[in-house]
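Written out below as structure tokens is the structure these notes cover.
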Protein chains: 2
Amino acid sequence: MQGERRKFRREGEERRRDALVSAALDLISEGGPSAATVRAIAERAGVTPGLIRHYFQTKEELTREAYRALMHRMSSENAAVLEAAPADPMARLAAFVAAALRPPVVDPRSMGLWAGFLHQVRSDPAMAAIHAETYLGYRDLLQELIAALPGHNDPARLRTLAIACNGVIDGLWLEGCALPEAFAPGELEHIGLEAVGAILGLDLAASLPPAMPEETP
Amino acid sequence: MQGERRKFRREGEERRRDALVSAALDLISEGGPSAATVRAIAERAGVTPGLIRHYFQTKEELTREAYRALMHRMSSENAAVLEAAPADPMARLAAFVAAALRPPVVDPRSMGLWAGFLHQVRSDPAMAAIHAETYLGYRDLLQELIAALPGHNDPARLRTLAIACNGVIDGLWLEGCALPEAFAPGELEHIGLEAVGAILGLDLAASLPPAMPEETP
DNA sequence: CCTGTAATTATGCAAGTGTATAATTGAGGT
DNA sequence: ACCTCAATTATACACTTGCATAATTACAGG
């Protein structure tokens, strides 16, 4: 006798897929890719392992979906700042750079996830395609912000500048995620603005729009 | 009857440990951390799985040794350029930055390894200690190179500059490893010199000592 | 030529892996 | 109130993983 069968509630497909995807991301960020076993994911999502196969043909498919979700989340978190940013090109660029170098974009868990996926991104073509959609799109957005500055219209030069600025941002992002305690609040953003400004020959730090006061509910 | 027992040769402890460590590194760089199973490592090293337990108390210990070997290798590959570099501080810094942004330091396999280890580095204190020895030592070396420049003697300012330059180098290193085909030969080094130079207010690119002609055996 | 011993192999095991398939059951439509 | 069907659980399987232990064998010192 195996007692009683487990009770369950039916859910919409989207909610279950989301739950499984974020369970996978949570587990990878906590224990690395090897911690995201089918059984652990199911338990974290509050279902039994078999259900994963019902929504994803294979574990690899779930993994790809999780990577897509991660990259989308990180891109939006950074780009969101542009919605409330002023129209002035320098201020927009400064706001964008600063946003990339503070939470929630700077986050040790995100870096762990990013690193955990890296090898699959390099070996699985489907993962590489997801990477191209998001990561290169990010660099293009940065390039547009630079192109909007006065006096930047040589395409080749523009590309070089975008690569350099993207490199600075990536590198500092990495440093901030890896050694959060090594930087005073705001220090990383300031270094980033200084470095990107130096590359572009601008005083970006002076153009940073003042921070919005936090909501206090 | 199980046919004949496998023939073998006795080897010195150091050689066997080295062989096992580099087998592990090879496998991780090819197939990610999950590919470095005890059995696969043994086969790659030309021994049977049991021998690993003879030289390493646990697989985790072998993994730590492999990480240490990787970090040492990467640090030396970059620092080696200083031995043949001129005495002029600007030229030394330029040579160091450039060396960090071209092969063999820039190498997709190294990046894959680095990323594969990242989670263990963050969760295992022993790995974190190895990280501290090597990575932070790298940043200190960079800071020394900057301190040797004329007119850099404020310690706090020095630290900030070292962090920023290290960030630029790391970021561009990452870009170069991830997208090797995105850069023309020498382009990444040039961007790096320009960016670091901009941060420090120097024309580093002009100070780069000419490349040694390759040996042609 | 022995002989000891440490290096190496062989074998086994319990736990964990992804996946396939069959059995149940929640919930909406009529 | 029934009935249907998809959502969900349960079970099983073949394989892999790290590790332990016992059996062998290469090689140095006498």
Side-chain angles (χ1 to χ4, degrees), chain A residues 1-21 23-24 27-28 30-67 116 119-120 123-124 126-127, chain B residues 1-21 23-24 27-28 30-67 116 119-120 123-124 126-127:
Chain A
M1 64 230 180
Q2 91 291 353
E4 64 258 9
R5 196 181 175 91
R6 170 176 176 151
K7 302 299 180 193
F8 61 91
R9 272 184 45 211
R10 294 193 162 200
E11 287 284 1
E13 164 159 358
E14 199 174 357
R15 294 178 56 127
R16 274 282 133 90
R17 293 178 76 99
D18 282 2
L20 290 169
V21 160
L27 287 165
I28 296 176
E30 290 169 16
S34 64
T37 69
V38 170
R39 285 166 178 80
I41 294 169
E43 187 185 17
R44 180 68 63 105
V47 297
T48 50
L51 195 60
I52 289 183
R53 275 272 298 165
H54 188 254
Y55 285 113
F56 301 93
Q57 200 129 10
T58 175
K59 189 198 172 184
E60 210 178 357
E61 193 181 314
L62 165 55
T63 304
R64 284 198 275 262
E65 224 50 54
Y67 179 63
H119 194 277
Q120 296 180 57
S123 58
D124 175 9
M127 293 283 270
Chain B
M1 65 236 177
Q2 92 289 356
E4 65 257 8
R5 196 181 175 92
R6 171 178 175 148
K7 302 298 180 195
F8 60 92
R9 270 185 45 211
R10 293 191 165 202
E11 286 285 0
E13 163 160 359
E14 198 174 358
R15 293 178 59 124
R16 275 281 133 92
R17 292 177 77 99
D18 281 3
L20 289 169
V21 160
L27 286 165
I28 296 177
E30 289 169 16
S34 64
T37 69
V38 170
R39 285 166 177 81
I41 293 170
E43 187 185 17
R44 180 69 62 105
V47 298
T48 50
L51 195 60
I52 289 183
R53 275 273 298 167
H54 188 255
Y55 285 113
F56 302 93
Q57 198 130 10
T58 175
K59 189 198 171 184
E60 211 178 357
E61 192 182 315
L62 165 55
T63 304
R64 284 199 275 262
E65 224 49 55
Y67 179 63
H119 194 278
Q120 296 179 61
S123 57
D124 176 10
M127 294 283 271

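Computed from a prediction, not measured in an experiment: that's the story for all the values here.
Along DNA chain D, the nucleotide nearest to Ala35(B) and the one nearest to Lys7(B) differ in position, and the one closer to the 5' end is contacted by Ala35(B).
For the pair Gln57(B) CD and dT21(D) P, the interatomic distance rounds to 12 Å; values are reported in whole Å. The nearest whole Å value for the distance from the CG atom in Leu62(A) to the P atom in dG18(C) is 10 Å. With rounding to whole Å, Arg15(B) atom CZ is found 16 Å from dC27(D) atom C1'. Atom pair Arg17(A):CZ and dT8(D):P shows a separation of 12 Å (rounding to whole Å applied). Protein atom CZ of Arg16(B) is 9 Å distant from nucleotide atom C1' of dA7(C), rounded to whole Å. The distance from atom CD of Glu11(B) to atom C1' of dT8(C) is 12 Å, rounded to the nearest whole Å. Following rounding to the nearest Å, Glu13(B) (CD) and dT8(C) (C1') show an atom-to-atom distance of 14 Å. As a whole-Å value, the separation of Glu4(B) CD from dT24(D) P is 15 Å.
Distances were taken from every side-chain heavy atom of Lys59(A) (C-beta onward) to each of dA7(C), dA7(D), dG18(C); the shortest belongs to dG18(C). Comparing dC19(D), dA23(C), dA26(D) against the side chain of Arg5(A) picks out dA23(C) as the nearest. You'll find that the side chain of Arg6(B) is closest to dA10(C), out of dT9(D), dT8(D), dA10(C).
Residues from residues 36-54 of chain A placing a heavy atom under 4.0 Å of any atom in DNA chain D, listed by number, are Val47(A), Thr48(A), Gly50(A), Leu51(A), His54(A).
Residue Tyr55(A) is classed as a sugar-phosphate contact, given heavy-atom separations below 4.0 Å to backbone atoms only.
Within the structure, side-chain hydrogen bond (donor to acceptor under 3.5 Å, both in side chains) contacts touching residues 44-54 of chain A (residues at least two apart or in different chains) are Glu30(A)-Arg44(A).
Distance check, rounded to the nearest 0.5 Å: CG of Leu62(A) to CD of Glu65(A) gives 8.0 Å. Annotation: the span from Arg17(B) atom CZ to Leu51(B) atom CG amounts to 11.0 Å, rounded to 0.5 Å. In this structure, CG in Asp18(A) is found 11.0 Å from CD in Glu11(A), a value given to the nearest 0.5 Å. Note that CZ of Phe56(A) is 9.5 Å distant from OG1 of Thr63(A), once rounded to the nearest 0.5 Å. Taken to the nearest 0.5 Å, the CG atom of Asp124(A) stands 5.0 Å off from the CD atom of Glu60(A).
OP1 and OP2 of dG18(D) both lie 4.0 Å or more from every side-chain N or O belonging to Thr58(B).
The minimum heavy-atom distance linking Ala40(B) with Ala35(B) is given by the pair CB-O, 3.6 Å.
Counting only heavy atoms from C-beta outward, the side chains of Tyr67(A) and Met127(A) approach each other to under 4.5 Å.
The base of dA6(D) sits within donor-acceptor range of the side chain of Arg10(A), with an N or O pair under 3.5 Å.
No more than 12 heavy atoms of other residues, nucleotides or ligands shown are found within 6.0 angstrom of CD on Glu43(B).
Between its opening and closing five pairs, the helix from dC1(C)-dG30(D) to dT30(C)-dA1(D) changes axis direction by 10°, a value rounded to 10 degrees.
A donor-acceptor pair under 3.5 Å is absent between the side-chain atoms of Lys59(A) and the main chain of Ile52(A), judged by distance alone.
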